[in-house]
Amino acid sequence: MIGFGFMDNLVMISAGEAIDQTFGVALGISTMTAAGFGQCFSDVAGNLSGGMVDAACTKLNLPHHGLTENQLDMKISRIYRIAGACVGVVTGCLLGMSCLMFMDTDAADRARRAKELKSIFNHVMTEGKTLFQAERSSLFMLDEEKNELWSQVATGTEGIIKVKADVGIVGACVKSGELINITDAYEDKRFFAGVDKETEFRTKSILAIPVKDDEGKIIGAIQMINKQSKDDGSDSAFTADDEKLVKMMAAHVKSFIRIVG
């Protein structure tokens, strides 16, 4: 029974985790549903491998109980047989769970959350660029452990952007917890020109605001770059109306983050 319990749990956990990290993330299947599919695989594997387990146990040449049919039919024998089977199954299941020590059990949740966040933020930041008439818009999330601000969502860029949490206008915004609106980035001492040099981009006006959770803790920041005139697309400056609008956007982003956990 130890062998059956071990194989049952090992297959269920391995198959369920694989389904959760692939189809679960891609199709939005819940972790419990993935576990159910894993159990199906485990049941099928149990039926197919039952003979293999019996054969393996036979090769161990374990001593026979030596009891007669009448003795096996006694109440005390049935009690010990059932108790032994239960202990064996539980022991096998616990051994089968040892595979959890080698698995990243949070990987699927992180991937699912990242997909939801990216979908929501892509929509917010694309709309933000249009609403603010900005050349670029980005949403930075704060990684306190690494002291970094990172973004997968920045219009006009590709890949992940990473900057130190205390560098640049967005860093100053996160540090102070206040909205920042500047018309000429290169005239502000807080501005970090390193990103412009790497991307061959010229930053002019910037509007940045911190994103806070329900407890008021800063978890990121929204940044709009280079306000452009609606009439001819020339360089302009972010207005008081833009400041009101970006505050509303920060509140919406906070709500989205709360929903996706």
Side-chain angles (χ1 to χ4, degrees), residues 117-118 120-144 146-258:
L117 285 174
K118 187 174 182 179
I120 293 170
F121 293 163
N122 267 324
H123 175 73
V124 171
M125 302 320 293
T126 301
E127 292 297 320
K129 182 184 175 184
T130 304
L131 287 172
F132 291 89
Q133 296 296 312
E135 190 172 356
R136 286 188 177 180
S137 60
S138 55
L139 173 62
F140 288 90
M141 299 304 297
L142 177 62
D143 186 334
E144 290 185 313
K146 296 181 179 180
N147 191 35
E148 284 183 343
L149 289 164
W150 62 272
S151 175
Q152 283 186 314
V153 185
T155 52
T157 64
E158 294 182 359
I160 297 177
I161 300 172
K162 291 183 179 181
V163 296
K164 288 295 183 182
D166 55 357
V167 171
I169 300 300
V170 68
C173 174
V174 169
K175 185 177 180 179
S176 67
E178 301 293 334
L179 181 146
I180 296 177
N181 185 359
I182 57 176
T183 56
D184 190 342
Y186 282 84
E187 292 295 324
D188 194 302
K189 294 181 180 180
R190 298 170 296 180
F191 177 66
F192 175 65
V195 177
D196 275 10
K197 292 178 180 178
E198 291 180 7
T199 59
E200 297 182 354
F201 181 78
R202 179 74 178 183
T203 300
K204 302 178 184 70
S205 56
I206 300 177
L207 178 62
I209 187 172
V211 177
K212 302 178 182 180
D213 62 14
D214 291 332
E215 298 177 354
K217 181 180 178 181
I218 297 175
I219 56 177
I222 296 171
Q223 182 173 255
M224 301 293 168
I225 296 178
N226 293 356
K227 172 79 172 183
Q228 297 176 321
S229 173
K230 293 182 180 180
D231 299 327
D232 55 10
S234 61
D235 295 336
S236 183
F238 291 103
T239 65
D241 288 336
D242 291 326
E243 292 182 2
K244 294 177 183 178
L245 193 59
V246 80
K247 288 178 181 179
M248 294 176 59
M249 177 173 286
H252 287 307
V253 170
K254 180 185 75 172
S255 299
F256 292 146
I257 292 175
R258 182 175 64 246

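This chain uses plain numbering: 1 for the first residue, then up along the sequence.
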Asp242 CG to Leu207 CG distance, which is reported to the nearest 0.5 Å: 6.5 Å
Full working for side chain to side chain contact (heavy atoms under 4.5 Å, CB included) between Thr203 and Ile169: CA-CA 11 Å; Thr203 300; Ile169 300 300; over 6 Å; no
Donor-acceptor pair, side chain of Asn226 and main chain of Arg202, under 3.5 angstrom: yes
Considering all heavy atoms, the nearest Phe201-Ile225 contact: CE2-CG2, 3.8 Å
Closest non-hydrogen atom pair, Val174 against Ala221: CG2-CB, 3.8 Å
Student check: side-chain heavy atoms of Asp196 and Phe191 closer than 4.5 Å: yes
Over all atoms of both residues, closest heavy-atom pair of Ser236 and Ser205: O-OG, 3.6 Å
Heavy-atom closest contact (Lys212 atom, Ile218 atom, distance): CG-CG1, 4.0 Å
Point-to-point distance, once rounded to the nearest 0.5 Å, from NZ of Lys162 to NZ of Lys146: 5.0 Å
Minimum side-chain heavy-atom gap Ile180-Asp188 below 4.5 Å: no
Considering all heavy atoms, the nearest Ala237-Thr183 contact: CB-CG2, 3.7 Å
Interatomic spacing from CG in Leu131 to CG in Leu245 - rounded to 0.5 Å: 5.5 Å
Distance, nearest 0.5 Å, that separates CD of Gln223 from CD1 of Ile209: 12.5 Å
Under 3.5 Å: donor-acceptor pair, side chain of Gln133, backbone of Thr130: yes
N/O donor-acceptor pair under 3.5 Å between Lys227 side chain and Phe132 backbone: yes
Within-4.5 Å side-chain heavy-atom neighbours: Val246 and Ile222: yes
Side-chain heavy atoms of Lys175 within contact of Arg190, under 4.5 Å: no
Spacing of Thr239 atom OG1 and Asn181 atom CG [to the nearest 0.5 Å]: 8.0 Å
Leu179 CG to Lys244 NZ distance, which is reported to the nearest 0.5 Å: 12.5 Å
